[in-house]
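Basis for what follows: all heavy atoms, side chains included, without hydrogens, waters or symmetry-related copies. Start at 1 with the first residue, then count along the sequence.
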Amino acid sequence: MIFSKIKSTGYYVPEKIITNNILSQYVDTSDEWIRSRSGIKKRHFSEGENTSDIAAKAALDILKNGNINPLDIDLIIVATVSPDYTTPSVACLVQSKIGASNAVAFDLNAACSGFIFAVSTADKFIKTGIYRNALVIGAEVLSKHLDFKDRGTCVLFGDGSGGVFLENAEEGGILAEEMGSDGNRGMSLTCAEKKASHIFNNEAEEEDNFLHMDGRAIFDFATRQTPKCILNLIEKSGIASEKLKYIIPHQANARIVEIISRKTKIPLEKFYMNISEYSNTSAATIPIALNEMMQKGLLQKGDYILMAGFGGGLTWGGLLIKI
């Protein structure tokens with residue numbers, strides 16, 4: 001049987017750091033207000049780099065860490081809700097920027113669950129033998145979609161990118177997955193609505209480029225659905241929670257993670273969090289955290305980890321992986 005295994009990881013975040021105190025000079029908020037409600041201390045904002053730029057830099061980091069030739073890449077998938085253009089895709093732009101001329105490339109949109117969905121998609125291509133490997137990236141420049149008059153939302157998000165290189169293997173890799181969607185609650189989180197306006201449409205309205213979120217609805221969704229996702233993965237895989245080295249949750253809110261820990265009865269120490277440093281970078285949060293853990297030497301070959309995310313759509317997903 002063919003498995004898809006992580007060969008290397010990488011990341012990139014813009015250099016500009018915006019602390020809560022800096023943000024409070026422009027938004028009616030404070031460091032205490034933000035930290036007490038989310039656990040966020042700072043975030044990175046682009047100074048002109050678009051999503052394909054930071055995705056390409058993450059890709060180069062992944063390739064360097066794995067000593068991978070870009071010409072050997074079979075597939076590129078970029079998970080994002082903040083593309084440079086409607087077309088071309090961010091993945092195609094990344095393909096060009098890194099010289100991966102032999103790869104098939106496309107984007108995937110599942111919001112903050114996007115990286116999970118993208119890895120799952122790449123896994124299927126590898127398991128069926130269609131492709132030998134895949135470069136999977138989560139990348140977002142959310143700062144271009146933030147309404148800085150909406151203090152309940154703009155303080156929560158940042159920019160960043162991260163990803164993995166998957167290759168076929170005879171053992172290990174992705175052992176179980178859990179994914180789902182609930183479009184009935186999809187309007188709880190929207191971004192960059194584009195109206196069907198043209199010269200023949202008399203009801204044209206001004207387009208809205210901002211991200212809008214019903215914070216309470218998302219909080220309720222995340223704290224109800226994510227624990228179920230984690231427990232279902234454990235049951236499907238047959239890997240007891242005690243055997244998990246770490247759980248890497250979507251880095252949206254520290255309070256959400258604390259509730260997930262209580263509901264699953266898994267110690268909070270097993271949940272890796274870096275939200276204080278990067279804020280919510282949507283599809284990039286999990287791969288950034290994963291790379292950070294790899295660079296710190298927290299994960300070794302043979303370790304079991306569980307990645308779980310939730311986001312717009314509404315969507316949720318998780319993967320249980322053997323490193």
Is there a donor-acceptor contact under 3.5 Å from the side chain of Asn102 to the main chain of Leu71? yes
Does a donor on one side chain and an acceptor on the other come within less than 3.5 Å for Asn291 and Thr9? yes
Approximate separation, where rounding is to 0.5 Å, of Cys92 SG and Asp84 CG: 11.5 Å
Does Lys243, at its NZ atom, have more than 12 non-hydrogen atoms belonging to other residues, nucleotides or ligands within less than 6.0 Å? no
Answer with yes or no whether the side chains of Thr153 and Asp150 bring together a donor and an acceptor at under 3.5 Å. yes
For the CD1 atom of Ile305 and the CG atom of Leu298, what is their distance to the nearest 0.5 Å? 11.0 Å
Using 0.5 Å steps for rounding, measure from the CD atom of Glu292 to the NZ atom of Lys296. 4.0 Å
Show your working on side-chain contact (heavy atoms from CB on, under 4.5 Å) between Phe45 and Leu146 and close with a plain yes or no. CA-CA 11 Å; Phe45 276 174; Leu146 296 180; 4.0 Å; yes
Before giving the answer on side-chain contact (heavy atoms from CB on, under 4.5 Å), spell out for Ile98 and Leu135 the whole-Å C-alpha distance, their side-chain angles and the decisive distance to 0.1 Å. CA-CA 12 Å; Ile98 68 174; Leu135 177 64; 4.0 Å; yes
Give the intermediate values and the outcome of side chain to side chain donor-acceptor pair (under 3.5 Å) for residues Tyr12 and Glu49. CA-CA 11 Å; Tyr12 175 80; Glu49 294 171 305; 2.9 Å; yes
Verify same cluster id: Ile18, Val141 (apolar side-chain graph, 4.5 Å): no
Checking Asp107 side chain against Val90 main chain: does a donor-acceptor pair fall under 3.5 Å? yes
Is it true that Lys228 and Glu178 make a salt bridge, defined as a side-chain N closer than 4.0 Å to a carboxylate O? no
Give the cluster check for Leu299 versus Phe271: same hydrophobic cluster or not, with ILVMFWY residues linked at side-chain heavy-atom distances below 4.5 Å. no
Do Lys127 and Asn168 have side-chain N/O donor and acceptor atoms under 3.5 Å apart? no
Just by modelled atom types, is the Gln300 backbone N or O under 3.5 Å from a matching donor or acceptor in the Asp303 side chain? yes
Please check if the side chain of Ser38 supplies one atom and the backbone of Ile34 the other of a donor-acceptor pair under 3.5 Å. yes
Using only heavy-atom distances, determine whether the side chains of Lys124 and Ser120 contain a donor-acceptor pair under 3.5 Å. yes
I need the Asp182 CG to Asn184 CG distance, nearest 0.5 Å. 5.0 Å
Look only at the side chain of Asn133 and the backbone of Asp74, and say whether a donor-acceptor pair between them is shorter than 3.5 Å. yes
Please answer: with hydrophobic residues joined when any side-chain heavy atoms are less than 4.5 Å apart, are Ile248 and Val136 in the same cluster? yes
Side chains of Thr281 and Glu140 only: does a donor on one sit below 3.5 Å from an acceptor on the other? no
Once the angle between the rings of Tyr11 and Tyr278 is folded into 0 to 90°, is it parallel (under 30°), tilted (30 to 60°) or perpendicular (over 60°)? perpendicular
Within a radius of less than 6.0 Å around NZ of Lys16, do more than 12 heavy atoms belonging to other residues, nucleotides or ligands occur? no
Are Leu319 and Ile239 linked, directly or through intermediate hydrophobic residues, by side-chain heavy-atom contacts shorter than 4.5 Å (ILVMFWY only)? no
Would you please classify the geometry between the His212 ring and the Phe210 ring as parallel, tilted or perpendicular, with 30° and 60° separating the classes? perpendicular
Taking Ser279 for its side chain and Ile40 for its backbone only, find out whether a donor-acceptor pair lies under 3.5 Å. no
Distance-only, no hydrogens or angles: does the Ser237 side chain make a donor-acceptor pair with backbone N or O of Leu175 under 3.5 Å? no
Using distance alone, with no hydrogens and no angle criterion, decide if Asn20 and Arg43 have a side-chain donor and acceptor under 3.5 Å apart. yes
Test your reading of the model: is there a side-chain donor-acceptor pair from Arg151 to the backbone of Asp28, 3.5 Å cut-off? yes
Please step through side chain to side chain donor-acceptor pair (under 3.5 Å) for the pair Gln251 and Thr285, ending with a clear verdict. CA-CA 6 Å; Gln251 311 287 310; Thr285 69; 5.7 Å; no
Under 4.5 Å side-chain linkage, directly or through intermediates, the cluster mates of Tyr85: Leu93
Linking I/L/V/M/F/W/Y whenever their side-chain heavy atoms sit closer than 4.5 Å, directly or via other members, would Leu156 and Ile22 fall into one cluster? yes
Please report the C-alpha distance between Lys144 and Thr51 in whole Å, then the side-chain angles of each, then the deciding distance to 0.1 Å, and finally whether the side-chain contact (heavy atoms from CB on, under 4.5 Å) criterion is met. CA-CA 10 Å; Lys144 63 187 177 184; Thr51 306; 3.6 Å; yes
Please report the interatomic distance CG(Asn67) to OG(Ser8), rounded to the nearest 0.5 Å. 9.5 Å
State the NZ-CD1 distance between Lys265 and Ile260, to the nearest 0.5 angstrom. 14.5 Å
Using a 6.0 Å distance limit plus a 45 degree cone around the ring axis, check whether Arg224 lies over the aromatic ring of Trp316. no
Check this for me: Glu235, atom CD, are more than 12 non-hydrogen atoms of other residues, nucleotides or ligands nearer than 6.0 Å? no
Just by distance, do the side chain of Lys270 and the backbone of Leu244 share a donor-acceptor pair under 3.5 Å? yes
Could you walk me through whether Val27 and Cys154 pass the side-chain contact (heavy atoms from CB on, under 4.5 Å) check? CA-CA 9 Å; Val27 181; Cys154 72; 4.0 Å; yes
Check against side chain to side chain donor-acceptor pair (under 3.5 Å), Ser46 and Asp159: CA-CA 7 Å; Ser46 168; Asp159 304 337; 4.9 Å; no
One thing to verify: whether Glu277 and Lys41 come together as a salt bridge, which I'm taking to mean a side-chain N less than 4.0 angstrom from a carboxylate O. no
Check whether any side-chain N or O of Thr226 sits under 3.5 Å from a backbone N or O of Thr223 as a donor-acceptor pair, and report yes or no. no
If you count every heavy atom of other residues, nucleotides or ligands that lies below 6.0 Å from Gln25 atom CD, does the total exceed 12? yes
